[in-house]
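Structure first, commentary second.
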Amino acid sequence: RESHAESAVYLALDGLCIGVVTLADQLRSGAPALIQRLRQQQMRLSLLTGDRWQVAEATADALGGGMEVIAEVLPEEKAAVIRHLQQQGEAVAMVGDGINDAPALMLADVGIAMGSGTDVSVASADIVLLSSELEQVELANRLSQRTLRTIRQNIGISILYNLIMVPLAMMA
């Protein structure tokens, strides 16, 4: 069942298996479409999870595949993965919603917590999305790009202004 993104829990009584329960996380609505749009923007995507490898691989496939899967990691190991990516020169944005994501959210260049997440993850993030809609991640990215573009334009205009006006003021 792990190949279907389900984790098996075995129930035992007096050393005998009396049943098996499977647990599965449901993908958030719109997640595969968001992953596809982010991939079209040339973003490198990774799935960083504490889940077992087979479950993580099946989840990545359900999201459209083509992403690096890093599975079976503890919370402090998630932070180490983020640190490693940063040491390779990557700018890292991390999206998370659980207590186990808090160390990585704090270490990431941009930590994004889902508003429906735990208090610890919300407190650890740079950005908190008030809704559980993943499309807000893309919106936050677009807003940050627009903000940077505006800042660069303002700096350029101020430099140009100073290059023109300072010599004119000195001549007058």
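What you see is a predicted model; the values in this text were computed from it and never measured.
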Interatomic spacing from [atom1] in [X] to [atom2] in [Y] - rounded to 0.5 Å:
X	Y	atom1	atom2	result
R142	Q136	CZ	CD	9.0 Å
R52	E57	CZ	CD	12.5 Å
E138	I35	CD	CD1	10.5 Å
R83	E76	CZ	CD	11.0 Å
E77	H84	CD	NE2	14.0 Å
R152	I157	CZ	CD1	14.0 Å

> How does the hydrophobic cluster around L107 look, that is, which other residues are in it when side-chain heavy atoms under 4.5 Å mark a link?
Replying inline: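 Cluster partners of L107: L48, I70, V73, V81, I82, L85, V92, M94, L105.
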>> side-chain contact (heavy atoms from CB on, under 4.5 Å) for D97 and R28? Distances and angles first, verdict last.
In response: CA-CA 12 Å; D97 64 356; R28 293 182 191 260; 3.0 Å; yes
>> Pair R146, R149 - check side-chain contact (heavy atoms from CB on, under 4.5 Å), show working.
In response: CA-CA 5 Å; R146 177 184 265 173; R149 188 170 44 250; 3.9 Å; yes
When clusters are formed by joining ILVMFWY residues with side-chain heavy atoms under 4.5 Å apart, either directly or through shared neighbours, do [X] and [Y] land in the same one?
X	Y	result
L23	I18	yes
V110	L148	no
M171	V166	no
L34	M43	yes
L139	L38	no

>> For a side-chain contact (heavy atoms from CB on, under 4.5 Å) check, start with the C-alpha distance between D51 and E72, then their side-chain angles and the critical distance, and finish with the verdict.
In response: CA-CA 5 Å; D51 290 341; E72 297 182 12; over 6 Å; no
Search all heavy atoms of [X] against all heavy atoms of [Y] and return the closest pair with its distance.
X	Y	answer
D101	K78	OD1-NZ, 2.7 Å
P32	L27	CG-CD1, 4.5 Å
S29	E135	O-OE2, 3.8 Å
A8	V20	CB-CG1, 4.2 Å
A125	G111	CB-O, 3.4 Å

> Got V9 and T22 here, is their nearest side-chain heavy-atom distance under 4.5 Å?
Replying inline: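 V9 vs T22: side chains apart.
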> If you count the non-hydrogen atoms of other residues, nucleotides and ligands that lie under 6.0 Å from CD1 in I99, is the total more than 12?
Replying inline: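 Result for CD1/I99: open.
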>> Working note: T49 + T59, criterion side-chain contact (heavy atoms from CB on, under 4.5 Å); need CA distance, chi angles, decisive distance, verdict.
In response: CA-CA 10 Å; T49 180; T59 301; over 6 Å; no
List the atom pairs, donor and acceptor, that lie under 3.5 Å between side-chain atoms in residues 60-69 and the rest of the protein, sequence neighbours left out.
unit_1: E68; atom_1: OE1; unit_2: R44; atom_2: NH2; d: 3.1
unit_1: E68; atom_1: OE1; unit_2: S46; atom_2: OG; d: 3.3

